[in-house]
Amino acid sequence: MSSATQSRSWDVHRLPSAEGRNFLVTGGNAGIGYFTAEQLAATGAVVVLGCRDRAKAAAAMASIRSRVPGARVRHLRLDLADLSSLKSAVDGLDLDRLDAVVHNAGVALDDPPRRETADGHELMFGTNHLGHFALTRWLAPLLSAARAGRVVTVGSFAARSERLDLGDLQSARDYRPKRTYGRSKLAQMCFGFELDRRLRAAGSTVLSVVAHPGGALDSLTPSRPPVHRTTPGARLRALPCALLVQGKDAGAWPVVRAVLDPEVAGGELWGPRVFGLRGTPRREPVPSHMADPAVAAQLWAAGEELAGTARWPGPA
């Protein structure tokens with residue numbers, strides 16, 4: 001099937017049924033994660049919101065239920081900055097299989113000083129990359145138990161202009177918050193592509209796909225009180241930006257397609273159609289710096305050492 005045919009047949013407003021399937025969305029209580037969870041809940045699937053704050057999760061679940069009658073949503077307390085907590089968190093899922101995990105949660109800091117997790121890792125790299133790296137390790141048996149499990153890693157347009165410094169992955173020598181954030185997202189995306197290569201080599205049925213939301217602004221995002229409120233004034237002021245970017249509801253579309261579309265293949269990159277910034281989802285070429293096997297191998301080895309995970313994946 002050609003990509004043009006795929007695009008015409010995929011309707012972001014008429015998603016296929018996913019009744020009987022289980023999805024986990026990290027950071028599903030806000031932003032892109034919230035809208036990903038809301039859209040997936042409308043398919044009839046069980047959607048688990050993985051986040052630290054119980055009250056925020058409850059607000060997000062109430063909002064989803066108010067918009068999706070009969071939505072099957074749950075909360076899993078998940079702290080990606082605390083690597084030692086992740087195995088017990090996964091044990092608390094109480095599922096026999098997981099059809100997809102969406103690696104969406106993330107920390108973005110705008111100003112110094114450099115901050116660290118309880119494990120002593122730089123906060124953005126430790127949460128955005130290492131937390132998801134370790135989480136995938138513990139989720140592997142549940143993903144393999146599904147008929148065709150998927151790992152969907154949510155990257156960022158900011159990663160396109162960054163390059164990893166393999167000698168300073170945690171920005172210990174040179175910390176610039178925006179660059180460190182972009183590199184943490186690049187590390188996630190490199191991980192997503194490398195994971196698929198390793199899954200294929202192991203003969204696994206699990207796919208790893210990378211997606212990004214393009215340019216997604218709060219001011220162009222529909223209100224979901226109390227999760228998110230957009231004032232009419234803020235939306236009006238942001239309208240000129242809508243020529244190039246979009247709201248976070250639309251930013252979730254490539255992520256949701258990466259989870260649901262049976263035509264999506266492992267190792268693909270999905271993003272918005274118009275300049276990679278807005279519009280309906282399409283498959284994009286993978287930038288060479290995100291798919292470099294040598295860089296990915298070094299990043300993977302560092303992840304295993306820093307996150308304390310055994311060598312994986314193995315045969316499914």
Side-chain angles (χ1 to χ4, degrees), residues 3-4 6-15 25 27 30-39 102-111 124 128 152-163 176-190 192 209-224 227-261 264 268-291:
S3 74
Q6 288 183 49
S7 298
R8 282 196 297 272
S9 64
W10 185 264
D11 186 341
V12 296
H13 300 297
R14 294 176 62 86
L15 299 174
V25 182
I32 300 293
Y34 168 84
F35 285 99
T36 297
E38 182 184 278
Q39 291 166 32
V102 177
H103 288 332
N104 161 82
V107 177
L109 302 178
D110 293 325
D111 301 301
M124 289 183 279
N128 302 357
V152 177
T153 299
V154 182
S156 171
F157 203 80
R160 290 181 175 273
S161 58
E162 296 296 345
R163 298 296 183 272
R176 305 178 205 174
K178 283 186 169 53
R179 188 181 69 176
T180 296
Y181 170 76
R183 288 181 173 180
S184 75
K185 298 303 289 185
L186 175 56
Q188 278 190 271
M189 296 171 86
C190 289
V209 186
V210 180
H212 73 90
L217 301 184
D218 281 330
S219 52
L220 291 173
T221 301
S223 288
R224 293 290 190 273
V227 175
H228 168 75
R229 288 183 173 87
T230 305
T231 66
R235 193 170 184 85
L236 189 62
R237 288 191 296 274
L239 280 179
C241 301
L243 294 170
L244 287 176
V245 295
Q246 59 194 355
K248 293 187 175 178
D249 55 328
W253 291 344
V255 182
V256 170
R257 184 166 186 176
V259 171
L260 295 175
D261 189 347
V264 167
E268 291 182 345
L269 173 62
W270 286 79
R273 174 164 302 279
V274 183
F275 306 122
L277 290 171
R278 65 178 299 273
T280 55
R282 68 160 182 177
R283 185 164 60 88
E284 298 181 358
V286 179
S288 59
H289 73 291
M290 295 182 186

Requested in this report: Could you check if a side-chain atom of Val210 sits within less than 4.5 angstrom of a side-chain atom of Trp270, using non-hydrogen atoms only?
Outcome: no
Requested in this report: Without swapping roles, check the side chain of Asp249 against the backbone of Pro222 for a donor-acceptor pair under 3.5 Å.
Outcome: no
Report task. Provide the closest heavy-atom pair for Gln246 versus Gly279 in the form atom of the first, atom of the second, distance. Result -> OE1-N, 2.9 Å
Query raised in the report: Should His13 and Trp253 count as side-chain neighbours, where that means a heavy-atom distance under 4.5 Å?
Result: yes
Query raised in the report: Can you check side chain to side chain contact (heavy atoms under 4.5 Å, CB included) on Thr153 and Val209, steps first, answer last?
Result: CA-CA 6 Å; Thr153 299; Val209 186; over 6 Å; no
Query raised in the report: Do the side chains of Lys178 and Tyr181 get nearer than 4.5 Å, heavy atoms only?
Result: no
**Report entry** Heavy-atom check, side chain of Val154 versus side chain of Pro213, under 4.5 Å
**Finding:** yes
Query raised in the report: Can you name the nearest heavy-atom pair linking Asn104 to Gly27, along with the distance?
Result: ND2-O, 3.3 Å
Report summary line: side chain to side chain contact (heavy atoms under 4.5 Å, CB included) filter on Ala30, not counting sequence neighbours, yields none
Query raised in the report: Any side-chain heavy atom of Pro281 within less than 4.5 Å of one from Val12?
Result: yes
**Report entry** From CA spacing to verdict: side chain to side chain contact (heavy atoms under 4.5 Å, CB included), Leu260, Trp10
**Finding:** CA-CA 10 Å; Leu260 295 175; Trp10 185 264; 3.7 Å; yes
**Report entry** Atom pair CZ/CD of Arg257 and Gln39 - distance to nearest 0.5 Å
**Finding:** 13.5 Å
Query - Distance in Å, Arg273 CZ paired with Arg282 CZ, rounded so as to fall on 0.5 Å steps - result: 6.0 Å
Query raised in the report: Where is the tightest heavy-atom contact between Gly247 and Ala216, given as atom of each residue plus distance?
Result: O-CB, 4.0 Å
**Report entry** Residue pair Val25 / Tyr34, side-chain heavy-atom distance below 4.5 Å
**Finding:** no
Query - Charged N-O contact under 4.0 Å between Glu162 and Lys185 - result: no
Query raised in the report: Side chain of Arg163, backbone of Arg160: donor and acceptor closer than 3.5 Å?
Result: yes
Query raised in the report: Taking all atoms of both residues into account, what is the closest heavy-atom pair of His103 and Gln188, and its distance?
Result: O-NE2, 3.9 Å
Report task. Measure the spacing between OG of Ser161 and CZ of Arg183 and express it to the nearest 0.5 Å. Result -> 10.0 Å
Query raised in the report: Using 30° and 60° as the class limits, which term best fits the ring planes of His212 and Phe157: parallel, tilted or perpendicular?
Result: tilted
**Report entry** Close side-chain approach of Ser184 to Thr180, heavy-atom, < 4.5 Å
**Finding:** no
Query raised in the report: With side chains defined as the heavy atoms from C-beta onward, is the minimum distance between His228 and Thr230 less than 4.5 Å?
Result: yes
Query raised in the report: Looking at residues at least two apart in the chain, or sitting in another chain, which of them share a side chain to side chain contact (heavy atoms under 4.5 Å, CB included) with Leu217?
Result: Ser219, Leu220, Cys241, Val245
Query - Pro287 versus Leu269, closest heavy-atom pair with distance - result: CD-CD2, 3.9 Å
Query raised in the report: Hey, which of Thr36, Asp218, Thr221 is the one that makes side chain to side chain donor-acceptor pair (under 3.5 Å) with Lys248?
Result: Asp218
